[in-house]
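In what follows, chains carry the letters A, B, and so on, assigned in the order in which the sequence lines appear, proteins first and then strands, with residues in each chain numbered from 1. Just so we're clear, the structure is a prediction, and the values are computed from it rather than from any experiment.
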Amino acid sequence: MQFEPIDQFAQRRKNLQAIQALGYAAYPHKFDATSSIPQVIGKFQGRDAAELEAQPVSLRVAGRIVALRPHGKAAFLHLAGEGGRLQVYVKLDVVGTSAYEMFRLLDLGDFIGVEGSLFRTKTGELTIRAEKLAFLSKALLPLPEKWHGLADVEIRYRQRYLDLIANEKARDNFRKRALLIAELRRFFDGRRYIEVETPMMHSIAGGATARPFITHHNTYDVPLFLRVAPELFLKRLIVGGMDRVYEINRNFRNEGVGAKYNPEFTMLEFYQAYSDYRDLMDLTDELLASVALLLCGNTTVPFGEHMLDFGRIERLTMHEAIVRHWPPGPAPALTVDALQIAGAPLDIAKEFNDWAVVNGQPRIEVGPQSPDGEIIGQLFEAVAEPNLIQPTTIVDFPRELSPLSKCRADNPALAERFEIFAGGFEIANGYSELNDPEEQERRFQEQVAAGGDEAPKSVDEDYIRALAHGMPPTAGEGIGVDRLTMLLTDSRSIREVILFPLLRPLGSREEAGGPF
RNA sequence: GGGCCGCUAGCUCAAUGGUAGAGCAGUUGACUCUUAAUCAACGGGUUCCAGGUUCGAGUCCUGGGCGGCUCACCA
């Protein structure tokens with residue numbers, strides 16, 4: 001075993017041997033701390049020097065040495081643990097010659113345990129005066145550079161442990177993520193929901209249009225797909241009488257990687273019987289306000305240059321959103337009525353494309369055969385979506401874009417569906433679930449017939465049978481947990497909120513293009 | 001896959017086409033209230049790789065590698 005930087009690695013190994021030679025175990029098994037570092041700070045931050053002297057506080061703490069300032073026969077150091085830092089004062093004539101000899105062999109990054117009592121230095125910092133020192137573990141490799149910290153994004157993602165040591169923002173993002181997930185569970189558990197786990201390996205990749213990862217099961221000798229969505233299984237549970245279910249788990253989509261996309265991502269999906277999409281919109285407004293308040297202390301949270309207000313989520317129809325964000329270029333000004341005339345979206349898309357060419361924006365790909373609903377969807381994505389910075393619920397999706405949704409009774413061209421956008425991207429998608437088995441079978445058959453990488457290869461007959469057994473009117477929704485975490489931690493990239501995001505394995509390009 | 005940007009000591013970064021440097025980290029020494037501790041000394045380089053231009057290339061040119069951002073598919 002040998003790692004760069006080699007000279008420092010060798011030096012630290014030598015120091016470890018010297019510590020062993022003094023009679024210390026190289027890798028002792030445990031240390032009985034009386035409190036964690038944040039506990040010490042939380043409990044005694046308020047005590048002044050006189051109080052600490054009058055009523056001495058003796059304790060044992062352990063942590064990693066993250067700063068070391070030796071002064072000959074005494075030294076100051078900082079121990080880090082559980083996200084906190086505590087200063088330690090080590091003095092030769094207090095700890096004794098033999099402990100101090102070991103202390104001199106310690107390096108930045110090593111773990112030690114300290115027993116002693118609290119005092120305040122002349123600058124007022126709460127500090128533990130070491131009376132006994134325990135060697136706990138050696139860092140054979142140095143910590144990241146202390147001034148600039150760890151800035152290299154690739155190392156931050158590939159060696160996340162270093163990021164967590166060096167960057168408080170990283171620690172805080174993942175603490176908040178855990179808090180968010182705990183709050184999601186509390187929120188649904190308190191509303192008579194049951195948390196379930198459904199298969200990650202599917203024999204038919206259904207529930208969303210996305211390219212799946214393919215794997216293989218040996219004993220059954222069958223291909224399996226990592227799930228792209230849990231939707232069809234959760235609705236089977238509704239058929240089974242579990243009227244309120246939710247699942248927080250991973251989905252896998254064999255598609256792009258980018259600032260908002262990781263091939264495996266965490267989704268909250270929940271289904272509520274005897275409800276429609278409007279009920280879920282109200283529920284989600286409540287949910288978002290409550291998690292923002294919990295994580296950020298306020299329903300208004302900073303995101304880049306913006307302040308996102310999760311306390312007041314505006315609702316717009318897709319048509320209204322297009323009209324509102326219609327660029328000033330293409331004339332004439334657009335109206336909601338104009339968008340709804342049959343056949344009109346194609347001409348409007350052409351106007352947009354003329355404008356896009358002049359202004360160097362990406363064009364919309366439409367043809368004379370494209371249904372109005374599809375064009376509306378594309379116009380929305382091009383014109384409105386990037387501008388939906390404030391949390392906004394979009395309703396009235398074209399039915400063509402919503403194969404698993406019920407349509408509106410008063411307008412069959414529109415689905416009973418909504419999506420919530422914030423920060424310029426989608427974070428939630430919900431609808432009144434289609435529970436007519438014949439209609440569902442017809443739509444599945446269309447999907448399979450249309451083909452393509454993203455379509456299921458066969459109809460999920462068992463799901464149709466389940467619907468045939470009867471599913472109550474139900475509304476369902478998915479919320480992207482990673483993306484919601486991004487918004488609540490002011491993170492520009494999904495990689496800031498996934499501990500180990502997928503990166504290209506080092507050296508993988510050399511083998512690329514092999515068997516194909 | 002396209003476009004833009006980057007790659008110099010372990011880390012963060014300098015260096016008109018003219019002897020590759022600084023701070024931190026490291027090593028040695030001094031120092032019993034420091035906190036970017038201080039002071040003194042020392043070691044550390046295939047300037048991403050391969051070609052080319054040139055008397056001379058970290059710098060200019062061509063090709064390649066790796067990474068970031070971004071656009072397209074995707075939540």
Salt bridge [X]-[Y], side-chain N to carboxylate O under 4.0 Å:
X       : Y       : result
E247(A) : R227(A) : yes
D396(A) : R417(A) : no
E496(A) : R492(A) : no
R250(A) : E264(A) : yes
R185(A) : E195(A) : yes
D107(A) : K138(A) : yes

In whole Å, what separates the [atom1] atom of [N] from that of [M]?
N      : M      : atom1 : value
C24(B) : C60(B) : C1'   : 33 Å
C55(B) : C39(B) : P     : 48 Å
G45(B) : A9(B)  : P     : 11 Å
U59(B) : C48(B) : P     : 8 Å
G10(B) : U53(B) : P     : 32 Å
C7(B)  : G64(B) : C1'   : 14 Å
A37(B) : G52(B) : P     : 49 Å
G21(B) : G43(B) : P     : 12 Å

Can you tell me the distance, in whole Å, between the [atom1] atom of [X] and the [atom2] atom of [N]?
X       : N      : atom1 : atom2 : result
R12(A)  : U27(B) : CZ    : C1'   : 13 Å
E385(A) : C73(B) : CD    : C1'   : 13 Å
L162(A) : A25(B) : CG    : C1'   : 14 Å
Y261(A) : C73(B) : OH    : P     : 9 Å
I65(A)  : A25(B) : CD1   : P     : 15 Å
L140(A) : G26(B) : CG    : P     : 15 Å
Q159(A) : G67(B) : CD    : P     : 15 Å
R158(A) : C66(B) : CZ    : P     : 11 Å

**Report entry** ring pair (Phe, Tyr, Trp, His ring centres under 6.0 Å) partner of H202(A), chosen from F252(A), F213(A), F233(A), F225(A)
**Finding:**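 The option that passes is F233(A).
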
Query raised in the report: More 5' along RNA chain B: L68(A) or V153(A), using each one's nearest nucleotide?
Result: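 Of the two residues, L68(A) wins.
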
Query raised in the report: Starting at the 5' end of RNA chain B and moving along, which residue's nearest nucleotide shows up first, L503(A) or E419(A)?
Result: L503(A)

Is there side-chain contact between [X] and [Y], with at least one heavy-atom pair below 4.5 Å?
X       : Y       : answer
R495(A) : V257(A) : yes
L143(A) : R64(A)  : yes
L22(A)  : E101(A) : yes

Requested in this report: Please list residues of residues 108-118 of chain A whose heavy atoms come under 4.0 Å from any atom in RNA chain B, ordered by number; otherwise none.
Outcome: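 Nothing qualifies; none.
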
Requested in this report: Can you sort out the partners of Y431(A) under ring-ring contact (aromatic ring centres under 6.0 Å, His included), two or more places apart, ordered by chain and number?
Outcome: none

Listing time: all N or O pairs from protein to nucleotides 31-34 of chain B that are below 3.5 Å?
| residue | atom | partner | partner atom | Å |
| --- | --- | --- | --- | --- |
| C31(B) | N3 | G72(A) | N | 3.1 |
| C31(B) | N4 | G72(A) | N | 3.3 |
| U32(B) | OP2 | K73(A) | N | 3.4 |
| U32(B) | N3 | D93(A) | OD2 | 3.1 |
| U32(B) | O4 | D93(A) | OD2 | 3.0 |
| C33(B) | O2' | K122(A) | NZ | 3.1 |
| C33(B) | O2 | K122(A) | N | 2.8 |
| U34(B) | OP2 | K122(A) | NZ | 2.7 |
| U34(B) | O4' | H71(A) | NE2 | 3.4 |
| U34(B) | O2' | R69(A) | NE | 3.3 |
| U34(B) | O2 | R69(A) | NE | 2.8 |
| U34(B) | O2 | R69(A) | NH2 | 2.9 |
| U34(B) | O2 | Q87(A) | OE1 | 3.3 |
| U34(B) | N3 | Q87(A) | OE1 | 3.0 |
| U34(B) | N3 | Q87(A) | NE2 | 3.1 |
| U34(B) | O4 | Q87(A) | NE2 | 2.9 |
| U34(B) | O4 | T121(A) | OG1 | 2.7 |

Report summary line: Between L150(A) and the options L164(A), I155(A), I165(A), the side-chain contact (heavy atoms from CB on, under 4.5 Å) test singles out I155(A)

Report task. Grab the stems for RNA chain B, please: at least three consecutive Watson-Crick or wobble pairs, both distances below 3.5 Å, written as range with range. Result -> B:1-7 with B:65-71, B:10-13 with B:21-24, B:26-30 with B:38-42, B:48-52 with B:60-64

Distances for protein N or O near nucleotides 5-14 of chain B N or O, under 3.5 Å:
| residue | atom | partner | partner atom | Å |
| --- | --- | --- | --- | --- |
| U12(B) | O2' | H148(A) | NE2 | 3.1 |

Query raised in the report: Would you call the rings of F188(A) and F270(A) parallel, tilted or perpendicular, where under 30° means parallel and over 60° means perpendicular?
Result: tilted

Requested in this report: Using side-chain contact (heavy atoms from CB on, under 4.5 Å) as the criterion, list what pairs up with T121(A), not counting sequence neighbours.
Outcome: F76(A), Q87(A), F119(A), T123(A), E125(A), T127(A)

Query raised in the report: Taking the six-membered ring where the residue is Trp, are the ring centres of F421(A) and F380(A) under 6.0 Å apart?
Result: yes

Query raised in the report: Base, sugar-phosphate, or nothing: which does R495(A) touch, judged by heavy atoms less than 4.0 Å apart?
Result: sugar-phosphate

Query raised in the report: Between C73(B) and R253(A), is there an OP1 or OP2 to side-chain N/O distance shorter than 4.0 Å?
Result: no

